[in-house]
Amino acid sequence: MRRLMIAGNWKMNTDLAAGTALAAGLGEAISGKELTVDVLVCPPFPYLQAVKQAVGNSGIVVGGQNCYFEESGAFTGEVSVGMLQDVGCDWVLLGHSERRHVLKECNGVINKKTKAAIAKGLGAVLCVGELLEEREAGNTEAVLDEQMEGGLEGVSAEQMEQVVIAYEPVWAIGTGKTASPEQAEQAHAHLRKWLASRYTQELADSIRILYGGSVKPSNALELLGQANVDGALVGGASLSVENFGPIIEAGLELSKS
Ligand code: PGA
């Protein structure tokens with residue numbers, strides 16, 4: 001069985017005090033529990049080190065929300081893979097829809113970043129997802145295929161061990177409109193089929209595919225219960241222990257069933 005991952009994407013939210021309090025609160029909420037799922041939090045860059053300290057030895061791991069593909073040099077405003085690792089990151093989110101659509105990142109850049117992360121042993125959560133008009137035009141699968149092909153070009157089967165896919169329909173992000181469990185399952189099954197044809201069925205069966213887009217305590221159990229949904233990438237609801245705690249709980253419950 002694939003180990004579930006419950007990931008929190010804090011985006012450009014919190015401040016130092018609130019971020020460290022949230023991280024410490026999450027650590028307390030899961031303390032004493034057997035951590036049978038991976039729990040990841042991705043705070044803004046300036047708070048990574050403090051959040052890493054605040055989660056302590058709770059088992060929660062920390063990731064960046066983005067990185068650059070060069071190792072160092074004249075790239076004003078960018079952060080390298082090595083820098084993320086230096087402050088204790090195990091993961092990085094790549095290709096998030098806000099990076100694609102607000103910051104205009106293309107598949108080529110996302111691919112370079114993915115390869116840079118895994119070359120250095122940093123886990124990559126590669127996000128893919130269609131816009132509402134693409135879904136309505138019946139192009140969801142074609143868009144997912146293009147993002148998978150572009151993002152994973154030149155990534156070997158062996159390197160895929162460090163990759164997690166996150167399916168995030170853009171129309172469901174931050175809108176309160178969640179994909180139905182059936183819509184999520186259908187897209188996840190398609191992504192797994194893509195992985196099987198690009199690599200092998202065995203590899204496809206081993207890769208985690210997270211769902212993201214308005215995940216909250218009230219819908220987490222049903223979404224996570226779908227056969228091809230192996231976790232959640234949570235935005236808004238990851239910003240409080242009251243909301244993120246029960247989503248982790250849902251994962252823990254399912255991991256034992
Ligand atoms: P949301 O964001 O949970 O607020 O919809 C998800 C994401 O963007 O990762």
Side-chain angles (χ1 to χ4, degrees), residues 4-14 18-19 22-23 26 37-45 47-48 51 60-67 89-105 110 113-114 117 123-132 134-135 140 143-144 147-148 151 163-181 183-184 187-188 191 208-224 226 229-251:
L4 297 177
M5 174 184 268
I6 309 296
N9 172 13
W10 296 3
K11 309 192 180 188
M12 201 171 72
N13 292 302
T14 70
L22 172 56
L26 288 171
V37 301
D38 287 347
V39 180
L40 166 66
V41 291
C42 300
F45 290 141
Y47 309 140
L48 279 168
V51 165
I60 297 174
V61 292
V62 174
Q65 297 174 16
N66 180 34
C67 69
C89 288
D90 290 313
W91 291 93
V92 63
L93 306 181
L94 293 172
H96 188 276
S97 77
E98 286 140 26
R99 302 293 319 173
R100 290 179 189 268
H101 300 293
V102 184
L103 284 308
K104 307 292 177 210
E105 277 187 22
I110 295 163
K113 292 179 175 189
T114 305
V125 179
L126 176 66
C127 307
V128 295
E130 81 287 0
L131 297 164
L132 184 59
E134 291 167 336
R135 170 164 285 266
T140 299
V143 169
L144 296 182
Q147 292 178 349
M148 292 288 278
V163 175
V164 165
I165 305 296
Y167 170 62
E168 298 203 301
V170 181
W171 47 272
I173 296 178
T175 57
K177 270 191 228 156
T178 318
S180 68
Q183 284 172 319
H188 283 229
L191 289 166
R208 291 178 288 185
I209 306 175
L210 316 183
Y211 169 78
S214 299
V215 177
K216 42 195 177 235
S218 58
N219 60 22
L221 202 58
E222 209 185 352
L223 285 162
L224 293 171
Q226 302 302 306
V229 177
D230 310 312
L233 178 54
V234 187
S238 72
L239 293 170
S240 73
V241 178
E242 293 68 39
N243 285 319
F244 200 50
I247 298 173
I248 299 171
E249 281 294 337

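Ligands are counted one by one from 1 in listed order, and the atoms in each one are counted from 1 as well. We count residues from 1, following the sequence as given. Because only heavy atoms are used, hydrogens play no part in the values below, and waters and symmetry mates are left out as well, while side chains stay in. Computed from a prediction, not measured in an experiment: that's the story for all the values here.
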On the 0 to 90° scale, with breaks at 30° and 60°, tag the His188-Tyr167 ring pair as parallel, tilted or perpendicular. perpendicular
Give, for atom OG1 of Thr114 and atom CG of Leu94, the distance between the pair rounded to the nearest 0.5 Å. 5.0 Å
For atom 3 (O) of ligand 1, which protein heavy atom lies nearest, and how many Å away is it? Gly235 N, 2.8 Å
For Ser214, the atoms of ligand 1 under 4.0 Å from one of its heavy atoms are 1 (P), 3 (O), 5 (O)
Which heavy atom of the protein is the closest neighbour of atom 4 (O) of ligand 1, given with residue, atom name and distance? Gly236 N, 2.8 Å
Output yes when the distance from some N or O of ligand 1 to some N or O of Lys11 is under 3.5 Å, and no in every other case. yes
Rounded at 0.5 Å granularity, tell me how far CG in Leu233 sits from CG in Asn9. 5.5 Å
Among Gly176, Gly174, Gly212, the residue with a heavy atom nearest to atom 5 (O) of ligand 1 is Gly174
In the protein, what heavy atom is nearest to atom 9 (O) of ligand 1, and what distance, to one decimal place, separates them? Glu168 OE2, 2.7 Å
Applying a 4.0 Å heavy-atom criterion (strictly less than), which segment of Asn9 is in contact with ligand 1: side chain, backbone, both, or neither? side chain
Between Glu168 and Tyr211, does a side-chain contact (heavy atoms from CB on, under 4.5 Å) hold up when you go through it step by step? CA-CA 6 Å; Glu168 298 203 301; Tyr211 169 78; over 6 Å; no
Does ligand 1 have any atom that is closer than 4.0 Å to a heavy atom of Ala172? yes
Sub-4.0 Å heavy-atom contact, Lys216 with ligand 1: no
Distance-only polar pair, side chains of Glu130 and Trp171, donor-acceptor under 3.5 Å: yes
Return yes when Ala237 approaches ligand 1 closer than 4.0 angstrom through a heavy atom, no otherwise. no
Could you pull out, from His96, Lys177, Glu98, the option with a heavy atom nearest to atom 8 (O) of ligand 1? His96
Could you walk me through whether Glu105 and Arg99 satisfy the salt bridge (Lys or Arg N to Asp or Glu O under 4.0 Å) test, starting with their C-alpha distance in whole Å, then the side-chain angles of each, then the deciding distance to 0.1 Å, before giving a yes or no? CA-CA 6 Å; Glu105 277 187 22; Arg99 302 293 319 173; 2.9 Å; yes
Could you tell me which atoms of ligand 1, counted from 1 in the order shown, lie closer than 4.0 angstrom to a heavy atom of Gly213? 5 (O)
With distance as the sole test, does Ser214 use its side chain to make a donor-acceptor pair with the main-chain N or O of Ala172 at under 3.5 Å? yes
For Val164 and Trp91, run side-chain contact (heavy atoms from CB on, under 4.5 Å): C-alpha distance rounded to whole Å, both residues' side-chain angles, the deciding distance at 0.1 Å, then the answer. CA-CA 10 Å; Val164 165; Trp91 291 93; 3.6 Å; yes
